[in-house]
Enquirer: 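This is the structure I have questions about; it appears just below.
Reminder, nothing fancy here: chain letters follow the sequence lines and each chain counts from 1.
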Protein chains: 2
Amino acid sequence: MPVQASTDSPLRTRRGDETRKRLVTAATATLIEQGFAGASARVIADRAGVNQGLIFYHFDSVVGLLLAALDAVSEARAVRYGEAVAGVTSPMGLVDVATSIFEEDLEAGHVAVLVAMISGAASTPGLGEEVAKRIAPWTAFARDAISGALEGSPMGSVLPVDEVAYAVVALYLGMEMLTELDGDRGPAEALFSRAGTLAGLLMAFGGSAPGFPAAEAGS
Amino acid sequence: MPVQASTDSPLRTRRGDETRKRLVTAATATLIEQGFAGASARVIADRAGVNQGLIFYHFDSVVGLLLAALDAVSEARAVRYGEAVAGVTSPMGLVDVATSIFEEDLEAGHVAVLVAMISGAASTPGLGEEVAKRIAPWTAFARDAISGALEGSPMGSVLPVDEVAYAVVALYLGMEMLTELDGDRGPAEALFSRAGTLAGLLMAFGGSAPGFPAAEAGS
DNA sequence: GTCTATACTTGGATAGAC
DNA sequence: GTCTATCCAAGTATAGAC
């Protein structure tokens, strides 16, 4: 791993930065399209158009690069989540935002990266722990969205937030796997619109949540 | 692939059968513990205590063996499902049986085999289609159980059986991934007891299902 | 600091022995 | 029909050039 980006040669680090960026991008794409088992040093390096050995210089190992790719996706998503939640006031609005953002995640392949890394963790000692850390943004976001939607609903007493959040994240991972398997995004899409219906139903039962207009954001 | 088990030498096929069985067992265990990426010919053969080349003689390729392992698990499960459903009369009983059977699947690692093969499908051309075929028992069983539980419930009109079945299977796969990741089976267990509560709630709303005693099987 | 050419290891597959 | 010894490709990693 290159350590010092010392004062006298900023141009040299430029080239390194470019290489690292290309590798992370290629690694992400490879994880999405070929999964963990298909993400070898040679395949990724070819895709990035760089020498295969650079992976070990810049990231120590293939797994190191894959974790960097997961980092990039996770951080980008955490930022996106923060932005999206900022403009929301009502519980129903939160549900709308959450479903559309999660749909975005599935579509763009962010969940595919997660799935690939989790399944890869089974074969690589110590990887599981590292991956677990990086799932925090997703879990936290799910918990926030659900917590907002559940309070004021009669279901709030029978459905603990943590359990529902766990179930939602699991549901996402599973939907991604099934979608990859048969190449059909249809069932997953159908579940999204269904989620909106159900959430509306729950809210209607609850009634007296503060600041609750009839309908918020579209779709 | 060995074709004819001809009349004159039944002893010879015995040895082959034994080898095949050992390989399938070892492949299953390896998929559960190491995932698809860790299921190499050498690792599996070592575990089975046989020469690595036998995999290619008996199953053509490593993937061929892994599919045979998936076949064995799928068929065993289909039988188990049939037995379990046979002794059930009420919708609530069906829900009880389904949850306890699915819990059994998670515990024994059957879902882990599924997860491993699905994630492996991303890296191996043509494998996805083969895996998809073999998931049929699970999907069908889920659909039957849900269909029985949903009719007579007011949710039946707003929740199509196919969608719920898809969601349940996805939920299973996702729970398995999360369980593998942090090694904690707790959240999944919690969701199972929660499922019982929810199903009971739905039934209570529906009321007039035919043959509906207060409570059926235990747990 | 960055990169390339090369060494070494593991994995898939088969020719030929029994 | 069953199995073993052997081959070749692909994968990871590093020594050394720039």
Side-chain angles (χ1 to χ4, degrees), chain A residues 1-24 26-27 30-31 34-68 120 123-127, chain B residues 1-24 26-27 30-31 34-69 116 120 123-127:
Chain A
M1 191 84 89
V3 179
Q4 59 175 10
S6 63
T7 52
D8 55 341
S9 60
L11 279 168
R12 294 231 168 149
T13 36
R14 285 281 167 82
R15 247 167 84 75
D17 283 351
E18 171 67 14
T19 302
R20 276 185 284 273
K21 196 183 168 191
R22 290 177 69 83
L23 281 173
V24 168
T30 306
L31 278 176
Q34 318 273 353
F36 185 90
S40 74
R42 285 183 147 86
V43 168
I44 296 171
D46 280 359
R47 181 163 207 150
V50 303
N51 186 291
Q52 164 267 142
L54 287 174
I55 288 173
F56 302 92
Y57 168 65
H58 285 295
F59 300 95
D60 277 354
S61 66
V62 174
V63 169
L65 169 57
L66 299 181
L67 279 174
S123 67
T124 310
L127 181 54
Chain B
M1 193 82 91
V3 179
Q4 59 174 11
S6 62
T7 51
D8 56 342
S9 60
L11 279 169
R12 293 235 168 142
T13 36
R14 285 281 169 79
R15 249 168 81 77
D17 283 351
E18 172 66 16
T19 300
R20 276 185 284 275
K21 196 185 168 189
R22 290 178 69 84
L23 280 172
V24 167
T30 305
L31 278 176
Q34 317 273 355
F36 186 89
S40 75
R42 286 183 145 86
V43 169
I44 296 172
D46 280 358
R47 182 163 206 151
V50 304
N51 186 290
Q52 164 266 140
L54 288 174
I55 289 174
F56 302 92
Y57 168 65
H58 285 295
F59 300 95
D60 278 355
S61 67
V62 174
V63 171
L65 169 57
L66 298 181
L67 279 173
S123 66
T124 310
L127 181 54

Enquirer: Whole-Å distance between D:dT12 P and A:Leu23 CG?
Expert: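 Going from CG in A:Leu23 over to P in D:dT12 covers 13 Å.
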Enquirer: Rounding to an integer number of Å, can you tell me how far A:Gln34 CD sits from D:dG11 C1'?
Expert: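 Rounding to the nearest Å, CD of A:Gln34 and C1' of D:dG11 are 15 Å apart.
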Enquirer: Are A:Leu127 and A:Leu67 packed together at the side-chain level, in the sense that at least one heavy-atom pair is separated by less than 4.5 angstrom?
Expert: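 A:Leu127 reaches A:Leu67 side chain to side chain.
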Enquirer: Which part of the nucleic acid, if any, lies within reach of B:Val50 when heavy atoms closer than 4.0 Å are counted: base, sugar-phosphate only, or nothing?
Expert: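 The answer is nothing, as B:Val50 stays clear of every strand by at least 4.0 Å.
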Enquirer: Under 4.0 Å between a side-chain N or O of A:Thr19 and OP1 or OP2 of C:dC3?
Expert: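 Yes, A:Thr19 has a side-chain N/O under 4.0 Å of OP1/OP2 on C:dC3.
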Enquirer: What is the distance, rounded to the nearest whole Å, between atom CD1 of A:Ile44 and atom C1' of D:dG11?
Expert: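 It is 12 Å, rounded to the nearest whole Å.
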Enquirer: Which listed nucleotide (D:dA13, C:dA5, C:dT2) is nearest to the side chain of A:Asn51?
Expert: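 In terms of side-chain proximity for A:Asn51, the closest of D:dA13, C:dA5, C:dT2 is C:dA5.
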Enquirer: What's the closest nucleotide to the side chain of B:Phe56 if the choices are D:dC3, C:dG12, D:dT12?
Expert: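 From the listed options, C:dG12 comes nearest.
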Enquirer: Report the distance from atom CG of B:Leu65 to atom C1' of C:dA13, rounded to the nearest whole Å.
Expert: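 Checked: the CG to C1' distance equals 14 Å.
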Enquirer: Can you check whether A:Phe36 reaches A:Thr124 side chain to side chain, under 4.5 Å on heavy atoms?
Expert: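 Heavy-atom side-chain distance check passes, below 4.5 Å.
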Enquirer: Round to a whole Å and report the spacing from CZ of A:Phe36 to C1' of D:dG11.
Expert: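 Between C1' of D:dG11 and CZ of A:Phe36: 13 Å.
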Enquirer: Between A:Ser40 and B:Gly53, which has a closest nucleotide on DNA chain D that is more 5'?
Expert: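 Upstream on the strand: B:Gly53.
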Enquirer: Choose from C:dG1, C:dG12, D:dT2 the nucleotide whose nearest atom is closest to any side-chain atom of A:Tyr57.
Expert: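 Closest of the options to the side chain of A:Tyr57: C:dG1.
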Enquirer: Quick one: do B:Asp17 and B:Arg14 make a salt bridge, cutoff under 4.0 Å?
Expert: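 Salt bridge absent between B:Asp17 and B:Arg14.
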Enquirer: Round to the nearest Å and state the distance from A:Asp60 atom CG to C:dC3 atom C1'.
Expert: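 Rounding to the nearest Å, CG of A:Asp60 and C1' of C:dC3 are 16 Å apart.
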Enquirer: Looking only at heavy atoms, which two atoms of A:Ile44 and A:Ala39 are closest? And how far apart?
Expert: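 The answer is CD1-O, 3.9 Å.
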Enquirer: Ignoring hydrogens and angles, answer whether the base of C:dG12 and the side-chain atoms of B:Arg42 contain a donor-acceptor pair closer than 3.5 Å.
Expert: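 Indeed there is one.
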Enquirer: D:dT14 C1' sits how many Å from A:Leu54 CG, rounded?
Expert: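 In whole Å, D:dT14 C1' lies 13 Å from A:Leu54 CG.
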Enquirer: Under 3.5 Å, is there an N or O donor on one side and an acceptor on the other linking the side chain of A:Gln52 and the base of D:dA13?
Expert: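 Indeed there is one.
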Enquirer: Over all heavy atoms of both residues, which pair between A:Val62 and A:Ala41 is shortest? Give the atoms and the distance, please.
Expert: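 For A:Val62 and A:Ala41, the tightest heavy-atom pair comes out as CG2-CB, 3.7 Å.
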Enquirer: Roughly how many Å is it from CZ in A:Arg15 to C1' in C:dT2, rounded to a whole number?
Expert: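 So the CZ-C1' distance, A:Arg15 to C:dT2, works out to 7 Å.
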Enquirer: State which of D:dT2, C:dT4, D:dA13 makes the closest approach to the side chain of B:His58.
Expert: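 Closest of the options to the side chain of B:His58: D:dT2.
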